[in-house]
Amino acid sequence: MNGEGGATYTHGHHESVLRSHQRRTAEDSAAYLLPHLKSGLSVLDVGCGPGTITADLAARVAPGPVTAVDQSADVIDVARAEVERRGLSNVSFATADVHRLDFADDAFDVVHAHQVLQHVADPVGALREMKRVCAPGGVVAARDADYAGFIWFPEVPALNLWRDLYERAARANGGEPDAGRRLLSWARQAGFADVTPTGSVWCYATPATREWWGGMWADRILHSRVARDLLNLGLATAAQLEEISAAWRQWATAADGWIAIPHGEILCRE
């Protein structure tokens, strides 16, 4: 995940974070883009993380080349292992800053970023860079969550505290956690004239998905970079983080537990 250029990737790459990201697929995270993919297209996947979406995209455009970039060399190693596990030979990797992509103009047919623009210092500038490296006739695609729009049941008071603290930490790190609603605006500011804005939702309400999501955040709020930032910035106490962790586990075990996570999406045509 690219957070350079003056912003910090708030989540970091703790095991609890990778546990979340490794669950993602092109179908649940880039469905709006999939109809525009075909064999032979070249793709730049910005902020590839552990590579599960990257591998899905690569399988769809093979033998077209896919270039996957991230700011973290360690997480690129995880992505490389995922691609090798699937037996894909059309993916290459590099470390990169989305504000300053080290690629020629018009280099790719598709430029994709999932959950990236919420973490960067200059999302409009990042989209301009993505536009620059996208070939005429190609598409720039981005999808980001919108934390203020999260909805859950039952109401567990400490989860409201979780959202407030996360948003404060993300903004302290130079990001915008409510990016989903801003993607269209950012794309227009970046100079795109042809933008298709859409939205989609992740919903977790089965015992298995509640256990995964709630357990993941119960760990993340104690052990990931966001926990360290909250403590170091004086935004939260260790006791509050323990309370939030317990609240996520309480929510996960509720028989009627439900959460919806909204996302904004943009398809920008060059």
Side-chain angles (χ1 to χ4, degrees), residues 1-14 16-18 20-21 24 29-30 45-50 53 69-72 74-76 95-101 111-131 140-150 159-190 197 199-200 202 216-217 220-236 240-241 244 261-266 268:
M1 196 73 65
N2 200 310
E4 295 185 12
T8 298
Y9 181 47
T10 298
H11 296 291
H13 295 99
H14 183 265
S16 60
V17 178
L18 294 183
S20 169
H21 295 179
R24 296 173 181 170
S29 299
D45 191 20
V46 177
C48 66
I53 299 174
V69 300
D70 201 283
Q71 71 164 2
S72 167
D74 289 342
V75 83
I76 283 177
T95 56
D97 174 4
V98 69
H99 299 95
R100 295 177 294 277
L101 294 170
V111 182
H112 167 260
H114 185 255
Q115 312 288 21
V116 171
L117 296 179
Q118 64 186 281
H119 297 292
V120 304
D122 180 6
V124 173
L127 281 166
R128 288 195 186 106
E129 268 294 89
M130 293 167 69
K131 184 177 189 291
V140 171
R143 181 175 189 258
D144 273 273
D146 195 299
Y147 276 76
F150 283 30
L159 297 187
N160 292 317
L161 175 63
W162 161 78
R163 177 165 54 191
D164 176 64
L165 290 177
Y166 175 78
E167 291 215 328
R168 292 173 67 188
R171 291 191 172 107
N173 283 332
E176 175 45 71
D178 301 339
R181 68 189 68 188
R182 292 172 165 83
L183 292 182
L184 173 59
S185 173
W186 290 343
R188 290 169 58 83
Q189 292 176 64
S200 59
W202 287 336
M216 174 269 295
W217 263 109
R220 194 188 293 197
I221 199 64
L222 295 179
H223 305 300
S224 72
R225 179 170 192 150
V226 67
R228 185 168 70 250
D229 286 350
L230 286 168
L231 294 173
N232 290 343
L233 292 168
L235 296 175
Q240 286 176 312
L241 301 188
I244 292 168
I261 300 166
H263 291 77
E265 302 159 345
I266 47 171
C268 311

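The structure displayed is predicted, hence computed values, not measured ones.
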Worked check of side-chain contact (heavy atoms from CB on, under 4.5 Å) between Tyr166 and Arg220: CA-CA 11 Å; Tyr166 175 78; Arg220 194 188 293 197; over 6 Å; no
Can you name the closest pair of heavy atoms from Ser29 and Arg24 and give their distance? OG-CB, 3.7 Å
Rounded at 0.5 Å granularity, tell me how far CD in Gln189 sits from CG in Leu184. 10.0 Å
Taking Asp144 for the side chain and Gln118 for the main chain, is one N or O donor matched with an acceptor at less than 3.5 Å? yes
When every non-hydrogen atom of Ala96 is compared with those of Leu101, the smallest separation belongs to CB-CD2, 4.4 Å
Pair Arg171-Asp178, side-chain contact (heavy atoms from CB on, under 4.5 Å): steps then yes or no: CA-CA 10 Å; Arg171 291 191 172 107; Asp178 301 339; 3.2 Å; yes
Can you name the closest pair of heavy atoms from Ala236 and Leu231 and give their distance? O-CD2, 3.5 Å
Nearest-0.5 Å distance that lies between atom CG in Leu233 and atom CG in Leu165: 11.0 Å
Between Val116 and Gly47, the two heavy atoms sitting closest are CG2-CA, 3.9 Å
Check whether any side-chain heavy atom of Val226 sits under 4.5 Å from a side-chain heavy atom of Leu230, and report yes or no. yes
Of the non-hydrogen atoms in Leu117 and Ala126, which two are nearest, and what is the gap between them? CD2-CB, 3.9 Å
side-chain contact (heavy atoms from CB on, under 4.5 Å) assessment of Ser200 paired with Arg143: CA-CA 9 Å; Ser200 59; Arg143 181 175 189 258; 2.9 Å; yes
For the atom pair CD (Glu167) and CG (Leu235), what is the distance rounded to the nearest 0.5 Å? 12.5 Å
May I ask you to test the Lys131-Leu127 pair for a side-chain heavy-atom distance under 4.5 Å? no
Interatomic spacing from CD1 in Ile266 to CH2 in Trp186 - rounded to 0.5 Å: 9.0 Å
Residue Arg181 excluded, over 12 heavy atoms near CZ under 6.0 Å: yes
Check the pair Trp162 / Tyr147 against side-chain contact (heavy atoms from CB on, under 4.5 Å), numbers first and verdict last. CA-CA 11 Å; Trp162 161 78; Tyr147 276 76; 4.2 Å; yes
Just by distance, do the side chain of His99 and the backbone of Gly125 share a donor-acceptor pair under 3.5 Å? no
What are the two closest non-hydrogen atoms of Gly149 and Arg163, and how far apart are they? C-NH1, 4.3 Å
